[in-house]
Structure formats: structure tokens, C-alpha cells
Participant: 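Structure below; questions to follow.
Values below: every heavy atom of this structure, side chains too, minus hydrogens, waters and symmetry copies.
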Amino acid sequence: MELTRRQLMSALSAAGLLAVLPARPAGAAAAAEGSAQLLANTVAVFAGTAASNARPETAAKLAALVATAKAGLKSMDEAGPDELFAGLALGTNDANLNTAYRQLYEIALATRAPGSALLGDVTVQRRVLDGLVWLHERYYGDQSKGYYGNWFNWEIGISQSVTKTLVLLADALADHPGLLTTYVASMDAYLRNGTDGDVNLDSRFHTGANLADITTNRILQGALLGDENRIRKALTDQLTVFVTIDPYHLRHNVTDGHYADGSFIQHGSVAYTGSYGKGLLTRVVQTLKILDGSGFAHGEELVPTVFTWVRDGFAPLIFEGWMMEIVKGRAVSRTAGGYTDVAVIVEAVVDLASLAPQAEAKALGQYVKYIRSTSKAALDPAAFVSPVSVARYADILADSALTPADLGPAARSVAFNAMDKTVHRRPGYAFALARSSARISKYEYMSGENLMPWFQGEGAHYLYLAGQDQTEAFGVDYYTTVSPYGLAGVTAPVEQRRTIPELYGKAYYDNPGHPLNFTPSSESQNAYVYFPRGLADHSGGAVLGTYGAAAMVQSSDVGVRDRDLLPDDFVVYRNAAATKSWFLLDDEIVVLAAGVGGAEGRAGTTTVDARTARAGDQVTVTGGRRDGASLTGPGEAELSWLRWANGTRGSAVGYVFLGGGPVRVGLENVTRSRRVVRTSNPDTPVTRSVFSATYDHAAGAQPATLAYALVPGASDADLRSYTSSGPLKVLSNSTRLQAVEHADLHLLGLNSFTQGRHHAVGVSVDGPASVLVRRERRGRTSIAVSDPTTRRGTISVVLHGRRLRLDEGDAGVRVSPVPGGTRVDVDVHEAYGRSFTATLL
């Protein structure tokens, strides 16, 4: 039976969730038995089992767990009279309080881990419980004094540590009567963004990964209290995160979560698969393990949904074991890089495989092996949360029946249009593109993290080369050493911007007396400081088989629009101007740009690419001028082609210039401290060889048009061939229409941006659209169409030439003859940028 569009947009519906929870309460005896199983499962997840901890593969994990606990005990021994842990000042710093509770949990954990030197140590357990009492009496129990700083610590972080500690030490609570109920009452009281001490699904704080964290805490609290109603309510709330977001019919007005095209959004408008997304994945898989056999939920009903998240949402964004930068928000500025991100995902995949049906379990196991075999960083399973996961990981690696395999083809193009991101992959490279719009934020800054984010959503791209250690090309050191105005792919004005701490003297803009009520976590702070959106609707693209097209109209953010509403001392920055297209092929990524300039009479720059390498690597730059002369090294010239090569690493990227003015080529060693991008980073200087290829746009000049192609892995000879008999042809490049043709692929791609009819070699389209047409042998023609504005009802495309008939196509595609050709009408109403494809004969 064919899925309707509504079913596709809500793959797991709200009604479908009813099958996950038993229709009736279990009854007192069954609930008590279920609670006991739930608590036992939780201890096994975090502390391991006798079987898992006896495995040699878990020895390092167990040793680290014990070492952490002993360090915490030593710190308690050395604490001053007003300290619980030495040097950890409490009373005004919520992060320190959160740390104190986490350290108590880590000590408790070692007393429940089989094989631990502290296993069953009653004296240590009493010290932990006494520590809980001490913290509650002095710094946590009075809610009128609490809740300063970050809301997350009070509603989620502290509650996680406290709840897990109470679960681990449940048998010892008899010596501390009332401690459990006292803490649960306090944790409820700190849910200030909830309702009556419980979750509020209408709160913007109780969504996505945050909701999963809160509700998992409450499930465990319910099991400790023997309160089945609390467990069922928390499960009912958590199950909402499994529902695929339908942006046209929101539930509780929530946009956070997974979308039908694999996108994941948190904070309302931030593309976040690589940070909050992995947190949500971890939490729900842990919850499925915790619930297993308890009778409180049929978790097996949820496994297929989580498998889909991994296959369609995570796997395309992981290249050779590295999580791509485009979906990490402010986390791009942290020192832990993409390999560390993926280790977290691998643990979740390992555990999901243990819960999945046979076919899915095999695919997940093969994927784990694939990541292990392609990653340039050794994954350390000692960093896993669960010793059981360490053992399962070892079993997967040892299983000779599992051959390494990705969860998708090596050649694919993926349009995550719901979060304005595009990924294009070939065996030798992956190209990741960060777009933004009125729907999706331009960047994320928060809490002194990602201090210079201004252009990260303005068509910034990341070209990952196969076989390379990605820490040498990207990660925190890329943002540290590459100018924020010169990120790869970005058009920026020539100006000097200041970071939020430089502007306002703190990590946020503080003005609670203004009508917009600027406080650290206010909606105004989010809208104008932390993750502002743009003003243009046009951002999207189409996918046809393994090929793709993407487009974006660059705009200023909402602060510019609302300048008159904002406080006088609030600083806004106007953006540069550009209308851009990317055509994603086999060997080339073709970029067209029109209407390009600094805007507002300012100078501007467009960075074709920016690449980094380790200082000392043998990096060379060669190129060909349009006058036939050669370029060898930095300089500025009218170029026909350019090549960056790292002889030490055996990697190269070529550039073919199809139109535009002189290109300025730079190559220099840059040294900066990692603290320039994140205030809490260590003040560690890093040096990188930084290459750049840049177009300069003079102040007051007419808007420019640019056309170039990135050619990963190309040789000098390959690049020269493009200037004589290359397959690429630019058909149109304006702010109305951008189109390119690849002769060898028989492929035409076009992006139209304005109303009216647009024409390009044998194809015409009405209004804004993204279209790919491939005329194959034997008269077969394939077409893909999408609406990059997400607002249109129908898009009409005419294929000129002989009349064609529909062979096969998506629902919503209609084909009819017209004079001189064939008309293809596509119903894109409420499709949210999804591609519609058809084959005609």
C-alpha cells in the first residue's frame, strides 16, 4: 500500500504510540516487579554485570571507572570546611554544583560495578549519601535560593546525577529515611519550565533531547518510589519524541525532533544531529534497555523508528568515522572533534543492534564494523558509558559473519531540506553544505561557545577527502585558524565584528527591563543572539538519483529587520548579498553565484575554498592563468584553474573557474589560541597551514557573477582539460535563474528564484524551483523537482522536444502533452522541500 504524504510526514504517528504502552496499569504486584526489573536494568546499564565486567575487553573501562571514583574520594578527603570536593566552590556557581553531584554519582557507580575494588563498600556508599544530604541542606533544598545560572543544570543535569545515584544506592537508603522523597520533591520543584512539578509539553524547554533527559529521570524516580503513574506519565511524555515532525501540523507547537527527510532540529531552528541529536539517540536507546522486560512499555515497537534515525539521519552525516560540522551548532568550537562524536553514536548503535530484529541488527553490526574500518582515529570503547556496551562492541568486531558495510551507498546526494543542509558523497570525498533561511538559524552561539559564528550558515561548505585524518582539516582548529569571514564557500562583507562577550561584557545580552526582556534564556535572547534566523525563504534543493542541486538566497538576520524594536545598545550586523546555486555531480561540485557583493556600499569577499593542513606538511599550489601563464604559489590573477595539494598526506583539490574576476590565492601558517572560538577552551596555541582562494568585491562595485567548480582529487592535467574540452557549461547565472549542463552525464540542473517563466536549453519552469533533468540513452528522461521556498502549491516544468509519457513517478506528479513538448506538473503542497521524481519515455 502506497504511503500518503501525510503518512510519510508522520512516519510514527501519535496514535501509533498507543501501542507502545500497555492499555491498563499493571497492578500493584506487577508494578512492583516491573519497577525492580527497571532498577536492575539501570544498574546493569551503567555499572555493568558480572559477565560483562569479567571480559578482558572491559578491563580498561572498569579501571577508569574505579580511578575516577578514587580521585573523587581523595578530593572529598582534601575538601575544606565549606567544600564537599576540594577547590569546588559552591553557592553561586551552578556548574560547580552540577559537578559535585556528578562526582558523587561517579563514586557511587564504582560501588555497584562487579569487579570494582570498591564493590559493595558500605562506608563509601554512606559517604555518598551523606554528601547528598550535605548538598541538599546547604545548596539545593532551598528553591528560593537555587535556580541561578543555566536552567539545564537545575532541570536536567543535577537531576540526572541525583537520580542515578539514588538508583545505584537504593538498598542503602534505609539508613537515610526520607532522603528519596525529599530529593524527588526538590527535583520536581526545580522543573520551573514545567507545570506543577511535572513536564509541560507546551514548554520550549521540554522538547527533543531535553525532554528525553527529563522524562528518563522521572521514569527512574517513579521506579524508586514504586509510583506506576509517574512512570506511565513520563513514558507518555517521552514517546512524543519518537513522532516524526510534521511542520505543517505541529503538536504542542514543537519543531524539535526528527523529520521525514532525516533532519533533526533542536532549539526550534538549529540543525543539531551531531550534538543534541546524538544525545537524544543515546538517551532513548538507554531507556529502551532500561525498560526491557519491565512490562511498562513495548519497546520493540520503537526500535524500527530509531533504526530509521540512524540510517537516514546519522549515517549520511558520518564520513569515515567523522561527524560533519554542519550539524553541530556551537559544539563545533569544542576541542573534542568529530571522531569523539561518532564514538557516542557507535555505542548507541551497538546497543540498538541488541534490541533490533535480525535484519536490522545485522545491518547495524555491519555499520559498526564499517566505521571501525574507515575511521582514521581508533575508537576507544573505554569511553563508552556502559561496560555492557563495551562487551557487545567486542562481540560485533569478532563476528566473522558481519562484513563492514555502510548504511547507504557510497555515491549519494542527500537533501536535508528541513534543516537547510546538503550532503553529497562519492567514494573519494564528501561535500557538506550549510544553508540557512527564515526557517533555520544562520548559526548557534551560546555560553561563550562558538564566539565567531556569523557566516557558518551562509553557504559554508566542508569538503572531506577520503583516507585523511579529518582533525588535520577540520574540527576546532579549522575555526581557530581560518578567518570567520573566510570560511570555505562564504560571501561576507569586509568589516570587523565583535563577539558577544566583547560587545556586552558577558556571555549574553542582558536587558531584563526592556520590553523584549533580554535574560540569559529568554526567547528574545534566542531569536536575536543565540541562533537568529534569516529573512529569505529561498533555501532548498532537489535530488535525482545520486545527483543533487541546492540553492540559497543570502539575507540579513531578523535583528536587522527588527532594529527599531531592539534596545539602542544592541548591535546588529547587516549581511553581504548573494544568490547561490550548487550542482552536485560525480567529479565536480559546480557553484554559481549572482548579485554578489558586500552590500550597503561595502566591500566584500567570496571564498571559493579554505583548507588547512599541519604546519610542515608539503603543501603546494599550482594553477593556470587565462593568458596561458602558470601560477606557482600565492598571488592574484585571472585563473582558469587552480590546484591545492598536500604531498605529505597524498590529498588534492582542484578548482575550475568558469566565470568571474581575479582570484586571490593565499597560503600561510597561522597560529592562534583555541580560546578565540570558545572562552572555556584551554589557551592552547595551534598552528595550521591555511590555503584560501578568494574573490574580492570592491566597495560600491556592481554586483558580481561568479562560476567555478570544485574537483576533488584532480591532477593538473585533469584541470587543464576543463579549459579546452570540459563537460561543464554554464547556461544561466543571474539572480533570476542559475543553470548548468554536464555533457558527459547528459544532466541539466537549474534553480529559479523569481516569479515568471524561466528557460534553459530544452527546459522551462514557472516560478521558484529546483529542477534536475537527465536525458539518458534509449529516450529515457528522468526529472526531479522540489520547492525551495516550502510555500508553493504546484510547480510546472515543460520539457521541450518530442512528447513523452510517464513511465513511473512519485504520487503528485502529472504528465501531459503540450505544443512542442511535455508538461510535468508537480503537487508540492506541504512537501517541505521534498524532491519529486519521475521517469518518462
Side-chain angles (χ1 to χ4, degrees), residues 5 8-9 11 244-245 247 258-265 271-274 277 308-309 311-319 324 326-327 407-409 411-426 430-437 439-440 457 459-462 489 536-553 580-586 589-592 738 740 747 749-753 765 768-774 782-792 795 810 812-813 826 828 830-838:
R5 186 174 305 153
L8 178 67
M9 298 297 282
T244 304
I245 300 293
H258 288 271
Y259 288 68
D261 67 359
S263 297
F264 176 81
I265 291 173
Y272 237 153
T273 314
T308 301
W309 293 354
R311 183 193 63 200
D312 298 341
F314 287 91
L317 291 161
I318 297 173
F319 182 69
M324 296 176 178
I326 60 174
V327 289
L407 286 173
R412 54 184 145 160
S413 202
V414 184
F416 293 109
N417 284 330
M419 61 179 179
D420 281 352
K421 303 295 177 279
T422 302
V423 172
H424 185 68
R425 299 178 62 148
R426 290 298 183 267
F431 177 82
L433 175 67
R435 299 178 274 109
S436 59
S437 66
R439 302 176 297 277
I440 297 299
H461 74 249
Y462 306 83
D537 285 331
H538 198 115
S539 178
V543 173
L544 179 62
T546 63
Y547 303 105
M552 185 184 82
V553 174
K580 292 187 178 181
S581 291
W582 297 262
F583 299 101
L584 312 169
L585 311 174
D586 284 326
I589 297 101
V590 181
V591 184
L592 304 184
Q738 294 174 338
V740 69
L747 181 71
L750 69 83
N751 290 310
S752 50
F753 297 90
V765 59
S770 186
V771 180
L772 290 165
V773 177
R774 193 175 190 194
S782 300
I783 184 172
V785 178
S786 76
D787 168 24
T789 72
T790 73
R791 294 179 179 274
R792 302 195 62 189
I795 294 176
D810 292 335
V813 177
V826 183
V828 295
E830 295 192 354
Y832 216 61
R834 179 169 73 90
S835 290
F836 291 79
T837 62

Participant: Could you grab the distance from atom CD1 of Ile265 to atom CZ of Phe416, nearest 0.5 Å is fine?
Facilitator: 12.0 Å
Participant: Specify the closest pair of heavy atoms between Arg792 and Ala769, including all atoms of both residues, with the distance to one decimal.
Facilitator: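 Nearest heavy atoms, Arg792 then Ala769: NH1-CB, 4.4 Å.
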Participant: CG of Leu544 to OG of Ser782: how many Å apart, nearest 0.5 Å?
Facilitator: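 Here the rounded value is 5.5 Å.
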Participant: For Thr789 and Arg791, indicate whether the former's side chain and the latter's backbone hold a donor-acceptor pair under 3.5 Å.
Facilitator: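 Checking the backbone N and O of Arg791 against the side chain of Thr789, a donor-acceptor pair under 3.5 Å is found.
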Participant: Taking it one step at a time, do Val327 and Tyr272 satisfy side chain to side chain contact (heavy atoms under 4.5 Å, CB included)?
Facilitator: CA-CA 5 Å; Val327 289; Tyr272 237 153; over 6 Å; no
Participant: For Ala831, is there any backbone N or O sitting under 3.5 Å from a side-chain donor or acceptor partner on Arg834?
Facilitator: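 The answer is no, because no donor-acceptor pair under 3.5 Å joins these two groups.
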Participant: As an exercise, state the distance from CD1 of Ile783 to CZ of Arg774, rounded to the nearest 0.5 Å.
Facilitator: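 Between Ile783 CD1 and Arg774 CZ, I get 14.5 Å after rounding to 0.5 Å.
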Participant: Please walk me through it: do Met324 and Tyr462 pass side chain to side chain contact (heavy atoms under 4.5 Å, CB included)?
Facilitator: CA-CA 8 Å; Met324 296 176 178; Tyr462 306 83; over 6 Å; no
Participant: Using side chain to side chain contact (heavy atoms under 4.5 Å, CB included), reason through Met419 and Tyr259 one step at a time and then give a plain yes or no.
Facilitator: CA-CA 9 Å; Met419 61 179 179; Tyr259 288 68; over 6 Å; no
Participant: Looking only at heavy atoms, which two atoms of Arg311 and Leu407 are closest? And how far apart?
Facilitator: CG-O, 3.8 Å
Participant: Can any side-chain N or O of Asp261 pair as donor or acceptor with the backbone N or O of Asn417 at less than 3.5 Å?
Facilitator: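 Confirmed, Asp261 side chain pairs with Asn417 backbone.
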Participant: Using the rule given for side-chain hydrogen bond (donor to acceptor under 3.5 Å, both in side chains), can you reason through Thr244 versus His258, listing the C-alpha separation, both sets of side-chain angles and the distance that settles it, and then say yes or no?
Facilitator: CA-CA 6 Å; Thr244 304; His258 288 271; over 6 Å; no
Participant: Cation-pi check for Tyr547 against Arg426: NZ or CZ below 6.0 Å from the six-membered ring centre and within 45 degrees of the axis, yes or no?
Facilitator: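 Verdict for Tyr547: a cation-pi partner in Arg426.
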Participant: So, Lys580 side chain and Gly489 main chain: donor-acceptor pair closer than 3.5 Å or not?
Facilitator: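 Flag set: sc Lys580 to bb Gly489 pair under 3.5 Å.
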Participant: Between Lys421 and Arg435, is there a donor-acceptor pair closer than 3.5 Å when you use the side chain of the first and the backbone of the second?
Facilitator: yes
Participant: Only counting residues at least two apart or in another chain, list the ones meeting side chain to side chain contact (heavy atoms under 4.5 Å, CB included) with Ser437.
Facilitator: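 Once residues adjacent in sequence are excluded, the partners of Ser437 under the side chain to side chain contact (heavy atoms under 4.5 Å, CB included) criterion are Asp420, Arg439, Ile440, Ser539.
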Participant: How long is the span from the CE atom in Met552 to the CG atom in Asp537, to the nearest 0.5 Å?
Facilitator: 13.0 Å
Participant: Where do Ser786 and Ile795 come nearest, in terms of heavy atoms and distance?
Facilitator: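 So the minimum-distance heavy-atom pair works out to O-CD1, 3.5 Å.
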Participant: Looking at every heavy atom in both Ala551 and His538, which two are closest together, and how far apart are they?
Facilitator: CB-NE2, 4.0 Å
Participant: Can you name the closest pair of heavy atoms from Phe583 and Ala549 and give their distance?
Facilitator: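 Taking Phe583 first and Ala549 second, the nearest heavy atoms are CD2-CB, 3.8 Å.
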Participant: Please report the interatomic distance OG(Ser413) to CZ(Phe431), rounded to the nearest 0.5 Å.
Facilitator: 10.0 Å
Participant: Check whether any side-chain heavy atom of Leu747 lies under 4.5 Å from a side-chain heavy atom of Val773, and answer yes or no.
Facilitator: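 In short, these two side chains do not touch, never coming nearer than 4.5 Å.
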Participant: Where do Thr837 and Ala784 come nearest, in terms of heavy atoms and distance?
Facilitator: CG2-CB, 3.8 Å
Participant: Please assess Leu433 against Val423 for the test side chain to side chain contact (heavy atoms under 4.5 Å, CB included), listing each intermediate value before the final yes or no.
Facilitator: CA-CA 6 Å; Leu433 175 67; Val423 172; over 6 Å; no
Participant: To the nearest 0.5 Å, tell me how far Ile245 CD1 sits from Phe264 CZ.
Facilitator: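 One gets 9.0 Å once the value is rounded to the nearest 0.5 Å.
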Participant: Distance-only, no hydrogens or angles: does the Thr790 side chain make a donor-acceptor pair with backbone N or O of Tyr832 under 3.5 Å?
Facilitator: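 No, Thr790 side chain to Tyr832 backbone: no donor-acceptor pair under 3.5 Å.
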Participant: Main chain of Ser581, side chain of Gln738: is a donor-acceptor contact present, judged purely on distance under 3.5 Å?
Facilitator: yes
